[in-house]
Engineer: 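Before anything else, here's the structure in question.
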Amino acid sequence: MARAAQRTRRGGGIRRGEARAGYLFIAPAVIITVVFLAIPVLLAFWVSVSDWNGFQSPLNPRVNFVGLENYAAITVEDGLDQRNFGRSIRNNFYYVLLVVPLQTALSLFLAVQVNRAVLKGRGFFRTAFYFPSVTSSVAIVIVFQFLFLGTGAVNAVLRAIGIQGPNWFNDPTGIFHGFVSIFGLTTPPPFLADGGMLGVSWWEWLSGPSVAMMVLIFLAVFTTSGTFMLLFLAALQSIGAEIEEAALMDGAGPFRKFFSITLPMLKPTLFTVLTLGLIGSWQVFDQIYILGGGAPGGTLMTPAYLLYESSFIDLQWGQGAAIAFILFVFIILLTLLQRWILRDRAPKKRGVAQTAVKGGVS
Amino acid sequence: MLIFLALVYIYPFLISISGSFKTDAEATQDPLALIPATITFAAYERLFANSPFPLWAGNTVLITVCVTVGRVLFDSMAGYALSRLKFRGRTVIFVLFIGILSVPGVVLLIPRFLILNQIGLYDTYGGMIIPLLSTAAGVFIMKQFFDSIPESIEEAARIDGAGNFRRFWSVVLPMATPALVTIFILSFQGSWNELGHFIVSRQSQELNTLTVGVAQLVSGTLGAGNQFPLQLAAAVLMSIPVAVLFFIFQRRIMNTTEGAEKG
């Protein structure tokens, strides 16, 4: 700052009016950001600690400050609101648990494959894998709804190999529940049925993602793997020559080369993909909205959709805003975690090849 | 193996294209077939003649054009100011923009609705367009790019007496084409596919965009029964512009990591 000011002064006449131009140039972006981002977030925070019911302005004098009441209703007070919130967390938790590792592994696999120099038609494969990422969520959900009909294409394929597919989108059975029911365990043991968290019993927490949610998990992996493939691909291309060289000297086979050399070198990108995946998959909204809410059995409900439904449909604005802020803080924490990890890695970047080789040897 | 995977990625799109030309009954009974037994344009005819689809498309085009033009202009102006022009508070503003990059889109649903309602822009084109006109990510990309252009380039123009705006417009901006293309792709794709903001910024049916309209079509009355050809046709049509954009700029998208970030 000080140096900038000095240069301004030294520059004299030729830099006259630069400050004014600077403000003028940046004004539109700043105004839009302040009016449609900063102020709204403050306004929403007020709503989350008030009893506003959606009528007139949230700033009108009849709206009262209620402290943490809205936050309490969804977290500590027994009732439907708490149970809905608990369920949405459970659903999204299983979604994240499956989507993040699957999309990371698949995108890494795809990137390594399309990066091979010998592969013919690399452009075609890249296009094929990336294309789902550019189309709208609405279009993709329609396609998936069609594919996963009870009589749809997926079940037709499964039938061909002798499997009777489920009625995907209408099946609220948790897949872990489904699995233990094979062994005759259909009712919860008492110690799982009685205790619980956020109004949801331990037995329900352990249900696993519902069959319907599995479709959304496939969908997420399908649409995001292409984007993350590009991130891995960029990283692979920037370290390409070194890998070959190191592997050549070691005389390593393809598997050993991948796990001992390539993977350690991709660590920074891997962290980026994992945290971006985490951040993204805690925000599932579009798909749930298009499918008409949390059906079946509320097993598709996510916090992001619940905050919309609480506010815009049930008109419990305070609670909706409270969910939004809980999610907000959580995602900010994830973002900070990512920044912290990447800052930690950044200075090492120059020595990354060495570290990787060392890691491979040990 | 890879060919199999590529098929898994492409097949759904092929099926949806062929499904959109099938009759309702055939789409349900024989969803796997790539070539319809009887090719019918009924779904497309219904979309254009008996549904508000053209209106939705018109709204989407209007909004996408405005948002894209606005973003390219405002993000590059702000990026230029942050990179080149010296003024008090520059660092603070830049840090602010970086911070804003981490605000998750989904928690903005309620806040955006509240402010649009408060300032009387709810349920107007203005309310749908203006909040999308600038993004922190776009400003950031432009600033980084301008930082990479040596300042000496501008010196000649400066000595010739070109003002700040002139240097920006005729000297630096034409050099920034790669970054502008990135912003263009991200804005076009982002605003064309945007759903959340349009759900909370309007309620009139006349202001429906393709995403909102087609989403209603899926869950609403039109979606009841076996109307899959109709839904698939809508999905195919709304994907065409982004697909065209994708194929035009394919090489660019595939070669840069910036293009990988989804609007």
Side-chain angles (χ1 to χ4, degrees), chain A residues 1 4 7-8 14 18-19 21-23 25-26 28-30 32-33 36-37 39-41 43-44 47 57-58 113 125-129 132-139 142-143 146-147 151-153 156 227 230-231 234 283 285-286 289-290 292 304 308 311 320-321 324 327-328 331-332 335, chain B residues 2 6 9-10 12 15-16 19 28 31-32 74-75 77-78 80-82 85-88 90-91 93 100 102-107 109-112 114-115 118 130-131 133-134 139 158 164-165 189 193 195-196 199 211 214-215 218-219 228 231-232 235 238-239 242 246 250 254 257 260 262:
Chain A
M1 277 310 290
R7 275 172 68 181
T8 311
I14 215 156
E18 194 168 296
Y23 293 125
F25 270 51
I26 207 156
V30 168
I32 289 167
T33 309
F36 295 105
L37 218 139
I39 297 175
V41 169
L43 200 57
V47 167
S57 156
Q113 294 303 315
F125 285 111
R126 286 179 199 183
T127 308
F129 297 137
S133 314
V134 300
T135 47
S136 82
S137 48
V138 179
I142 291 178
V143 174
F146 179 63
L147 292 176
T151 57
T227 310
L230 287 193
L231 290 186
Q283 299 189 52
F285 171 79
D286 287 13
Y289 176 85
I290 301 159
Y308 166 80
S311 296
L327 197 58
F328 180 59
I331 291 171
I332 294 291
T335 311
Chain B
L2 209 55
Y9 274 80
I10 296 172
I15 282 191
S16 51
T28 319
L32 265 180
F74 292 161
D75 287 354
M77 277 167 62
Y80 180 75
L82 286 174
L85 304 173
K86 316 278 185 264
F87 57 94
R88 199 187 289 269
R90 191 172 79 147
T91 325
I93 292 176
I100 283 164
S102 44
V103 176
V106 90
V107 303
L109 289 178
I110 297 173
R112 284 261 172 83
L114 292 174
I115 197 72
Q118 198 71 22
I130 300 171
L133 280 182
S134 168
V139 173
R158 197 192 288 274
N164 290 305
F165 185 76
Q189 187 195 322
N193 292 339
L195 175 66
I199 291 173
T211 45
V214 176
V218 176
S219 49
F228 276 102
Q231 297 180 15
L232 292 170
M238 74 189 289
S239 305
V242 277
F246 175 70
Q250 190 186 18
M254 289 300 171
T257 41
K262 221 175 162 183

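The sequence lines fix the lettering, A, B, ..., with proteins before strands; numbering per chain opens at 1. Atoms considered below: every heavy atom in the structure, side chains included; atoms not considered: hydrogens, waters and symmetry mates. Treat the numbers as computed from the prediction; the structure is a model and nothing was measured.
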Engineer: Return the minimal non-hydrogen interatomic distance between Ala21(A) and Asn164(B), and the atom names on each side.
Structural biologist: CB-ND2, 3.3 Å

Engineer: Do you know the tightest heavy-atom contact between Met238(B) and Ala139(A)?
Structural biologist: CG-CB, 4.3 Å

Engineer: Applying side chain to side chain contact (heavy atoms under 4.5 Å, CB included) to Ile93(B) and Tyr23(A), what does each step give before you reach the verdict?
Structural biologist: CA-CA 11 Å; Ile93(B) 292 176; Tyr23(A) 293 125; 5.5 Å; no

Engineer: Minimum heavy-atom separation for Ile32(A) to Pro131(B), with atom names?
Structural biologist: CG2-O, 4.0 Å

Engineer: When you measure from the side chain of Asn193(B) to the backbone N and O of Val134(A), does any donor-acceptor pair fall under 3.5 Å?
Structural biologist: yes

Engineer: Where on Ser57(A) is there a heavy atom nearer than 4.5 Å to chain B: the side chain, the backbone, both, or neither?
Structural biologist: both

Engineer: Taking side chain as everything from C-beta outward and backbone as N, CA, C, O, which of these in Thr33(A) sits under 4.5 Å from a heavy atom of chain B? Side chain, backbone, both or neither.
Structural biologist: side chain

Engineer: Can you name the nearest heavy-atom pair linking Val143(A) to Pro12(B), along with the distance?
Structural biologist: CG1-O, 3.6 Å

Engineer: Can you tell me which portion of Ile290(A) sits under 4.5 Å from chain B's heavy atoms? Options are side chain, backbone, both or neither.
Structural biologist: both

Engineer: Which of parallel (below 30°), tilted (30 to 60°) and perpendicular (above 60°) describes Phe25(A) and Tyr80(B)?
Structural biologist: tilted

Engineer: Is the shortest heavy-atom distance from the side chain of Pro111(B) to the side chain of Leu43(A) under 4.5 Å?
Structural biologist: no

Engineer: Need one label for Leu147(A): side chain, backbone, both or neither, based on atoms under 4.5 Å from any heavy atom in chain B.
Structural biologist: side chain

Engineer: Identify which part of Ser16(B) has an atom lying under 4.5 Å from any heavy atom of chain A, answering side chain, backbone, both or neither.
Structural biologist: side chain

Engineer: Could you state the interatomic distance from OH (Tyr289(A)) to CD1 (Ile199(B)), rounded to the nearest 0.5 Å?
Structural biologist: 4.0 Å

Engineer: Need one label for Ile10(B): side chain, backbone, both or neither, based on atoms under 4.5 Å from any heavy atom in chain A.
Structural biologist: side chain

Engineer: Please walk me through it: do Ile26(A) and Leu85(B) pass side chain to side chain contact (heavy atoms under 4.5 Å, CB included)?
Structural biologist: CA-CA 10 Å; Ile26(A) 207 156; Leu85(B) 304 173; over 6 Å; no

Engineer: Between Phe125(A) and chain B, with a heavy-atom cut-off of 4.5 Å, which part of the residue counts as in contact: side chain, backbone, both or neither?
Structural biologist: side chain

Engineer: Give the minimum heavy-atom separation between Pro132(A) and Tyr9(B), together with the two atoms involved.
Structural biologist: CG-CD2, 3.8 Å

Engineer: Pick one of side chain, backbone, both or neither for Phe129(A), based on which atoms fall under 4.5 Å of a heavy atom in chain B.
Structural biologist: both

Engineer: Given heavy-atom pairs under 4.5 angstrom as the criterion, report whether the side chain, backbone, both or neither of Leu232(B) touches chain A.
Structural biologist: both

Engineer: So which residue, Thr335(A), Ile142(A), Thr151(A), Ile331(A), ends up with the most heavy-atom pairs under 4.5 Å with chain B?
Structural biologist: Ile142(A)

Engineer: About how many Å separate OG1 of Thr135(A) and CZ of Phe246(B), when rounded to the nearest 0.5 Å?
Structural biologist: 9.5 Å

Engineer: Using a cut-off of under 4.5 Å for heavy-atom pairs, which of Gly292(A), Gly152(A), Ala324(A), Ala29(A) has the most such pairs with chain B?
Structural biologist: Ala29(A)

Engineer: Keeping the roles fixed (side chain from Glu18(A), backbone from Lys86(B)), state whether a donor-acceptor pair exists under 3.5 Å.
Structural biologist: yes

Engineer: Could you go through Phe36(A) and Arg112(B), starting from their C-alpha distance and side-chain angles, then the distance that decides it, and tell me whether this counts as side chain to side chain contact (heavy atoms under 4.5 Å, CB included)?
Structural biologist: CA-CA 6 Å; Phe36(A) 295 105; Arg112(B) 284 261 172 83; 4.0 Å; yes

Engineer: Any non-hydrogen side-chain atom of Pro58(A) less than 4.5 Å from a side-chain atom of Gln118(B)?
Structural biologist: yes

Engineer: Drop me the distance from Ile115(B)'s CD1 to Leu37(A)'s CG, to the nearest 0.5 angstrom.
Structural biologist: 10.5 Å

Engineer: Ignoring hydrogens, what is the shortest heavy-atom contact between Ser311(A) and Ile110(B)? Give both atom names and the distance.
Structural biologist: OG-CD1, 2.9 Å

